Structure formats: structure tokens, C-alpha cells
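The block underneath contains the structure these notes are about, expressed in C-alpha cells.
Quantities reported herein were computed from a predicted structural model and do not represent experimental measurements.
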Amino acid sequence: MPEPAAVPGGPDPTPYTVPAGTPAPGGPGVPVPERGAWLRRGISRDGGPLREDDEVVWLQHGPYYADSRGFAGTTSFDGRQVHFHHLTGEPGEDAGSFRWEGRDLVEWGVNPDGSTFLEVWTPLAGAEGGSGSWSGPDHHVVRVGRHVVHVDSRAGTYWRL
């Protein structure tokens, strides 16, 4: 298998503020696309500036997803929020509302501790081509085009083929 990749076109290191007009946490949103490769461009915590401290890649294939932070599973949409059901890696479940802002997906919500978050996800080039989702006793892999995320009980790893 190839070496883990640095994310091409990584995040802009300049912090900027949360986009104006962002609805309150947990507000009505849209479902996520059934297929996509996404780079997190930034995260805002509790209304602060949008910053990126880690390169995070999220891949979606049908109802299956893998996140390079170390969790993977399935998604569902309840008409307001997308729920990320963690089946491999970091335990738990999280939910966020999404809206389109140009080509980007903006996600916002409330963490279990009551803090709020806003994340901006930009599509990655190279998502055309084969895709799929595979799992075993202690791992889950999602591929979308040239992008692969592998998650097991120890970590999440991103590769670009």
C-alpha cells in the first residue's frame, strides 16, 4: 500500500471568521452527497475564528463514511441533521446540520458537552473513478476515486493513490 499522503491543496493557514448567516446549531440542513471526497478547510469552536490545526479528510460512499480523524461507519439524515454513526475506531455518534456554500459544505452543530462547532468542507480533486466501502473485524476502508481512508481501533489514515 502507498505511504500516507499529505493532503494536496491543504488548508489556508490564515484564520477567517464564521460565515455570516450561519444558522443556529442544530438548525435545518441538507443531506450529504452519497459520494464525495472532502478536505476540512477549517473548524470554529464556540463561535471563534475558523482555523485548521489538522489535515482532515472525510470520504462518503453511499451510506458509508470514513474520517481520517479515526472513526468510520454509516450516515443517516433525519430531515434536519446528518448523524454519523461510528462503527469502527473512536466510539460514539455525532450529528451536524449541513448547507451548501458554493462548492463547499458547511457543517454546524452542538457537541455532547454543549459547545458548538462549525466546519467547512471543500471537495477534493481526484474523486472521479472507482469507489467502494469495505470492512472487517477491526477496520473500515472507504475509497472515492484516488482517495482512501482506512480506520481501525488505533487510528485513521488517509492515502492518495
Side-chain angles (χ1 to χ4, degrees), residues 2-73 75 77 80-84 86 89-90 92-113 115-129 131 133 140-151 155-161:
E3 288 296 311
V7 178
D12 178 352
T14 308
Y16 52 98
T17 58
V18 174
T22 298
V30 300
V32 296
E34 288 194 13
R35 185 179 192 280
W38 304 92
L39 171 65
R40 187 173 76 182
R41 297 296 294 182
I43 183 168
S44 166
R45 292 179 172 87
D46 293 322
L50 199 61
R51 300 183 182 272
E52 185 55 67
D53 52 8
D54 293 314
E55 291 182 329
V56 176
V57 172
W58 153 44
L59 302 180
Q60 185 78 34
H61 174 78
Y64 302 100
Y65 77 92
D67 188 302
S68 65
R69 289 174 282 187
F71 49 92
T75 57
F77 181 62
R80 293 180 62 80
Q81 293 185 306
V82 174
H83 296 266
F84 292 86
H86 300 206
E90 181 182 308
E93 179 175 316
D94 53 283
S97 297
F98 285 83
R99 76 160 193 255
W100 287 101
E101 190 168 298
R103 292 181 31 175
D104 295 342
L105 272 173
V106 177
E107 176 186 10
W108 70 97
V110 179
N111 293 309
D113 67 2
S115 63
T116 62
F117 69 90
L118 181 135
E119 295 176 287
V120 177
W121 297 94
T122 299
L124 283 166
E128 312 76 30
S131 65
S133 174
H140 194 97
V141 178
V142 174
R143 175 184 176 190
V144 177
R146 297 183 65 190
H147 307 282
V148 177
V149 171
H150 172 275
V151 175
T157 306
Y158 166 67
W159 285 279
R160 182 176 169 97
L161 304 176

Who passes side chain to side chain contact (heavy atoms under 4.5 Å, CB included) against Glu93, sequence neighbours left out?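 Result, side chain to side chain contact (heavy atoms under 4.5 Å, CB included) vs Glu93: His83, His85.
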Mind running side chain to side chain contact (heavy atoms under 4.5 Å, CB included) on Leu161 and Arg143 for me, showing each step along the way? CA-CA 10 Å; Leu161 304 176; Arg143 175 184 176 190; 3.8 Å; yes
Roughly how far, to the nearest 0.5 Å, is the [atom2] atom of [Y] from the [atom1] atom of [X]?
{"X": "Leu59", "Y": "His150", "atom1": "CG", "atom2": "NE2", "answer": "13.0 Å"}
{"X": "Leu39", "Y": "Asp104", "atom1": "CG", "atom2": "CG", "answer": "9.5 Å"}
{"X": "Gln81", "Y": "Phe98", "atom1": "CD", "atom2": "CZ", "answer": "10.0 Å"}

Contact summary for [X] and [Y], nearest pair of heavy atoms:
{"X": "Trp108", "Y": "Pro28", "value": "CZ2-O, 3.6 Å"}
{"X": "Val142", "Y": "Ser133", "value": "CG2-OG, 4.0 Å"}
{"X": "Trp121", "Y": "Val56", "value": "CH2-CG1, 3.7 Å"}
{"X": "Pro33", "Y": "Leu105", "value": "CD-CD1, 3.8 Å"}
{"X": "Arg160", "Y": "Ala125", "value": "NH1-O, 3.2 Å"}
{"X": "Gly42", "Y": "Leu50", "value": "C-CD1, 3.5 Å"}

With Phe84 via ring-ring contact (aromatic ring centres under 6.0 Å, His included) - residues at least two apart: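 Phe84 satisfies ring-ring contact (aromatic ring centres under 6.0 Å, His included) with Trp58, Tyr65 once adjacent residues are dropped.
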Residues which pass ring-ring contact (aromatic ring centres under 6.0 Å, His included) with His61, listed by chain and number, not counting sequence neighbours: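 Partners of His61 under the ring-ring contact (aromatic ring centres under 6.0 Å, His included) test: none.
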Would you find a donor on one side and an acceptor on the other, under 3.5 Å apart, between the side chain of Ser97 and the backbone of Arg80?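 Flag set: sc Ser97 to bb Arg80 pair under 3.5 Å.
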Counting N and O atoms only, with roles assigned by atom type, does the side chain of Ser68 sit under 3.5 Å from a partner on the main chain of Val57, one being a donor and the other an acceptor?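 Yes; judged by distance alone, with no hydrogens or angles, the pair exists.
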I'd like to know whether Glu119 forms a salt bridge (Lys or Arg N to Asp or Glu O under 4.0 Å) with Arg69, so could you lay out the CA-CA distance, the side-chain angles of the two residues, the decisive distance to 0.1 Å, and finally the verdict. CA-CA 14 Å; Glu119 295 176 287; Arg69 289 174 282 187; 3.2 Å; yes
Which is it for Tyr64 and His140 under the side chain to side chain contact (heavy atoms under 4.5 Å, CB included) test, yes or no, and what are the steps along the way? CA-CA 9 Å; Tyr64 302 100; His140 194 97; 4.0 Å; yes
Taking CZ in Arg35 as the centre, count heavy atoms belonging to other residues, nucleotides or ligands within less than 6.0 Å. Is the count above 12?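 Yes, enclosed.
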Side chain to side chain contact (heavy atoms under 4.5 Å, CB included) between Asp67 and Val151, worked out: CA-CA 8 Å; Asp67 188 302; Val151 175; 5.9 Å; no
Heavy-atom side-chain proximity of Ser44 to Phe117 below 4.5 angstrom: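 A side-chain contact under 4.5 Å is absent here.
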Among Arg41, Glu101, Arg40, exactly one meets side-chain contact (heavy atoms from CB on, under 4.5 Å) together with Val120. Which residue is that?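 Between Val120 and the candidates, side-chain contact (heavy atoms from CB on, under 4.5 Å) is satisfied uniquely by Arg41.
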